[in-house]
Structure formats: structure tokens, C-alpha cells
Amino acid sequence: MIFKKVPNVIFVGSQTAGADGNKTSIKMTDGSELIFSGLGIYYPNGDETQRIGIQPDIFVRPTVESIRDNQDLLLLKALELIDQKK
């Protein structure tokens with residue numbers, strides 16, 4: 001998220017989970033555990049990230065085919081963007 005404040009930085013990828021902050025756990029009587037986060041994490045402009053995540057500037061997600069073909073679509077998109085800047 002800090003890189004979003006740097007001029008000319010482009011975030012390529014997919015949205016993060018939005019599960020940030022501290023972790024609090026409660027042991028249940030059946031032996032299971034309930035875990036949740038409680039601190040608010042915010043963008044520098046004050047917008048929330050909890051349950052929202054960090055939004056990419058350019059959305060890229062691996063596909064089944066790209067994984068089978070051993071292609072890194074995020075890296076390929078990043079290299080494409082770098083080449084465009086030259």
C-alpha cells in the first residue's frame with residue numbers, strides 16, 4: 001500500500017483479501033478457534049482497506065492455462081508496461 005503513494009507506481013495484480021490488522025483468537029468449547037482482525041488499516045487518503053483490500057491499477061490474474069504453460073501473466077504485464085515507458 002505504501003507504494004501507491006510513490007509517483008508513477010502502477011500496481012499490477014489482483015485485489016488483496018482485505019484481512020489486515022491484528023489477529024484476535026477465541027478458543028471455543030468444542031476445541032475450534034475463532035480468529036478475527038480488529039484494527040483498522042487505511043489508505044493514506046483515509047479510505048478503509050478492511051474487507052475491501054488494496055485495489056490494483058491494472059487487474060491481472062493467473063489463468064489455468066497460464067499456470068499449465070508456466071507463464072507468469074503478472075510479470076509479462078509488468079514488462080509490457082515497462083517497455084511502453086521506454
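Here, residue 1 is the first one in the sequence, and each next residue gets the next number.
- The distance from the CZ atom of Arg61 to the OG1 atom of Thr63 is 11.0 Å, given to the nearest 0.5 Å.
- Contact between Pro56 and Gly13 at its shortest, heavy atoms only, is CG-O, 3.5 Å.
- Side chains of Ile58 and Phe11 form no contact here, defined as non-hydrogen atoms less than 4.5 Å apart.
- Contacts of Asp83 classified as salt bridge (Lys or Arg N to Asp or Glu O under 4.0 Å), with partners at least two apart in sequence or in another chain: Lys86.
- Checked against side chain to side chain donor-acceptor pair (under 3.5 Å), Asp57 has the following partners two or more places apart in sequence or in another chain: Lys4.
- Hydrophobic clustering (ILVMFWY, side-chain heavy atoms < 4.5 Å, transitive): Leu81 and Leu76 are in one cluster.
- Applying the under-4.5 Å side-chain rule to Ile, Leu, Val, Met, Phe, Trp and Tyr, the cluster around Leu34 extends to Ile26, Met28, Phe36.
- Remark: Asn8 CG is loosely packed, at most 12 non-hydrogen atoms of other residues, nucleotides or ligands lying under 6.0 Å away.
- Separating the CD1 atom in Ile82 from the NZ atom in Lys77 is a distance of 12.0 Å, to the nearest 0.5 Å.
- Remark: Ile54 CD1 to Asp47 CG distance equals 12.0 Å, nearest 0.5 Å.
- No donor-acceptor pair under 3.5 Å is formed between the side chain of Asp69 and the backbone N or O of Gln71.
- Residues Leu73 and Val12 share a hydrophobic cluster, clusters being chains of Ile/Leu/Val/Met/Phe/Trp/Tyr side chains in contact below 4.5 Å.
- Once rounded to the nearest 0.5 Å, the distance linking CZ of Arg68 with CD of Glu65 reads 6.5 Å.
- Between the CG atom of Leu74 and the OG atom of Ser66 there is a distance of 9.0 Å, given to the nearest 0.5 Å.
- Residues Val60 and Leu75 do not share a hydrophobic cluster, clusters being chains of Ile/Leu/Val/Met/Phe/Trp/Tyr side chains in contact below 4.5 Å.
- When all heavy atoms are compared, the tightest approach of Gly53 to Thr16 is CA-OG1, 3.2 Å.
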